[in-house]
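Encoded as structure tokens, the structure appears first; notes follow it.
In what follows, every chain begins at residue 1, and chains take the letters A, B, ... in the order their sequences are listed.
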Amino acid sequence: MLDVRAIRDDPERFRAGLARRNLADAVDRILAADERRRELVRRVEELRAEQNRLSKEIGAAADEERARLIERVAAVSADLKRLEPELEAAGSALDELLAATPNVPHDSAPDGFTDEDAVEVRRNHGAPPAFDFEPRDHTALGALLGVLDTERGARASGSRFVYLLGDLVFVQLALMRHALDILAEEGFVPVIPPVLVREEAMYGTGFLPTDEVNIYRIEQDGLYLVGTSEVPLAAFHMGEILEEADLPRLYAGYSTCFRREAGSYGKDLGGMFRVHQFDKVEMFAFTTPESSWDTHERMVAIEERIIGNLELPFRVVNIAAGDLGGSAAKKYDIEVWLPGQQRYRELTSCSNCTDYQARRLRTRVRRTDGSVEVLHTLNGTATAIGRTLIAILENHQRADGSVALPERLHPYLPERLRVLEPRA
RNA sequence: GGGAGGAUGGCCGAGCGGCCGAAGGCGGCGGUCUUGAAAACCGCUGGUCCCGCGAGGGGCCCGUGGGUUCGAAUCCCACUCCUCCCGCCA
């Protein structure tokens with residue numbers, strides 16, 4: 001949620017920022033709603049002050065005086081009864097506008113509206129691997145190795161569900177441990193969070209109301225299945241005021257993620273590139289406003305380190321302003337080269353949400369001088385396990401279909417397991 | 001699924017319908033004392049919104065939402081959440 005007072009102070013800045021999302025006119029609608037609300041606040045508060053004054057006098061007054069005062073206060077109360085609903089309506093109108101308005105993009109986010117407009121920041125290790133044979137895609141490899149079963153996944157649960165089998169399960173767990181070890185070393189507190197959350201948490205993180213169609217809802221209990229552990233990690237400090245000395249607070253969440261993938265019909269069908277359920281290790285940071293940009297760079301660097309350890313060719317892209325998620329002011333994606341698709345595909349994503357999420361979550365920082373302000377939140381993928389498995393299979397495959405597992409994973413794997421071998 | 005309690009400030013905990021944004025304690029900050037520290041003593045110690053350049057003034061907040069009343073932390077209604085016991089269960 002944007003800060004209305006900041007918009008009031010410098011509307012031009014917000015107009016220009018939101019124009020990059022094609023939403024320049026939102027500023028004027030917000031300002032009009034804010035003006036109306038403040039006018040009503042002024043009038044209602046004057047009446048309440050008058051009512052309070054008179055009521056206090058009544059308490060102290062003698063009986064004959066009392067009747068007269070009660071009559072006077074009745075007139076004030078009548079006015080209040082009329083104005084209070086108007087004030088409430090004006091407040092909701094403003095809240096709805098603000099809830100539907102996304103964050104202002106950072107200056108360093110490039111112009112544009114689609115993934116095509118993202119700007120490449122850097123690549124790792126230059127070129128994608130050259131194969132002296134025709135590389136298979138992960139679906140073919142998964143079948144050959146006997147480690148992926150999408151047909152039975154569909155039978156049990158529908159399309160976009162997959163069974164992971166055999167040694168690939170050990171690779172998944174190794175990826176999880178590998179990421180958590182690095183994050184713990186970097187000062188992140190490991191967390192296994194709840195994956196069902198209340199509406200408040202979904203709203204606070206900005207997934208509701210805008211992303212509703214992509215969220216699984218448990219009607220009976222009024223709970224939502226999280227699409228990322230960003231949600232319960234952000235909600236961890238919902239409504240709290242953190243001490244400046246305790247920042248940054250860094251968390252590494254490991255959870256299963258659930259996504260309806262509505263509106264992606266026909267996209268990335270087959271295999272497990274786009275599925276309804278996958279596991280992910282996620283970074284989440286609560287920082288002071290002045291340090292969030294440094295933290296953002298640091299988190300991307302951690303992502304690069306993790307992917308580098310897995311010996312995967314990747315590139316970092318800076319997402320276009322108009323293509324950002326609603327809460328983000330800036331986002332880096334890391335795209336990994338997939339030989340099966342002959343292109344780079346999104347593997348991780350790292351966003352600085354500045355104060356947008358924190359204001360909705362009411363998460364603030366108490367400065368050492370005692371003042372209180374909204375803090376900044378960031379989130380980033382440490383390892384999206386499903387897609388990382390795909391990248392490992394496709395990039396480390398050999399002519400016979402076997403797959404060599406990256407050395408950095410060896411300590412986390414069973415000793416016999418260094419290569420995934422095709423089924424006999 | 002059945003039953004019983006509870007929700008007040010960073011934490012614990014009091015609170016006759018008006019003098020209660022709220023006693024007291026703990027914690028925190030500052031000070032006195034001390035070579036230093038502890039102890040003791042003294043003082044300070046909520047958030048938010050509106051008006052104002054500021055000094056300051058005002059509104060709201062005792063789980064949430066309604067109601068009664070001139071006036072509600074206190075009375076009434078509904079809801080939510082938490083805890084405990086029994087049952088079931090990974």
query: For A/Ala74 and A/Ile241, take the nucleotide of RNA chain B holding the closest heavy atom to each; which residue's nucleotide lies nearer the 5' end?
result: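 Counting from the 5' end, the first nearest nucleotide belongs to A/Ile241.
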
message: Both A/Arg364 and A/Arg48 contact RNA chain B. Taking the nearest nucleotide for each, which residue is further toward the 5' end?
response: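 Upstream on the strand: A/Arg364.
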
Less than 4.0 Å between a side-chain N and a carboxylate O, is that true for [Y] and [X]?
X	Y	value
A/Glu84	A/Lys81	no
A/Asp268	A/Arg345	yes
A/Arg5	A/Asp9	no

message: Using ring centroids (six-membered ring only for Trp), state whether A/Tyr251 and A/Phe236 fall under 6.0 Å.
response: yes

- line: Residues passing the salt bridge (charged side-chain N to carboxylate O under 4.0 Å, His left out) test with A/Arg408, sequence neighbours excluded, are none

Let's see if you can work this out: which of [options] has an atom nearest to the side-chain heavy atoms of [X]?
X	options	answer
A/Asn52	B/rC50, B/rG71, B/rC60	B/rC60
A/Ile58	B/rG18, B/rC81, B/rC51	B/rG18
A/Arg366	B/rC51, B/rG71, B/rG47	B/rG47

Looking for any heavy atom pair under 4.0 Å, which part of the strands does [X] touch: base, sugar-phosphate only, or nothing?
X	answer
A/Arg43	nothing
A/Arg53	nothing
A/Val372	sugar-phosphate

field: Polar side chain donor-acceptor pair, A/His376 to A/Tyr356, under 3.5 angstrom
entry: no

task: Please state whether the phosphate of B/rC51, meaning OP1 or OP2, lies under 4.0 angstrom from any side-chain nitrogen or oxygen of A/Arg42.
output: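 Answer is yes, contact under 4.0 Å.
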
- line: Dot-bracket assigned to RNA chain B with the 3.5 Å Watson-Crick/G-U criterion, [ ] for crossing and | for other-strand pairs, is ((((((((.[[[..)..(.....]]]((((((.......))))))((((((....)))))).[[[[[..)....]]]]])))))))....

field: Integer angstrom distance from the C1' of B/rG57 to that of B/rU68
entry: 32 Å

message: Between B/rG9 and B/rG31, how far apart are the two C1' atoms, rounded to whole Å?
response: 25 Å

task: Can you spot which of A/Glu39, A/Glu46, A/Glu45 makes a salt bridge (Lys or Arg N to Asp or Glu O under 4.0 Å) with A/Arg42?
output: A/Glu39

field: Interatomic distance where CG belongs to A/Leu47 and P belongs to B/rC51 [whole Å]
entry: 16 Å

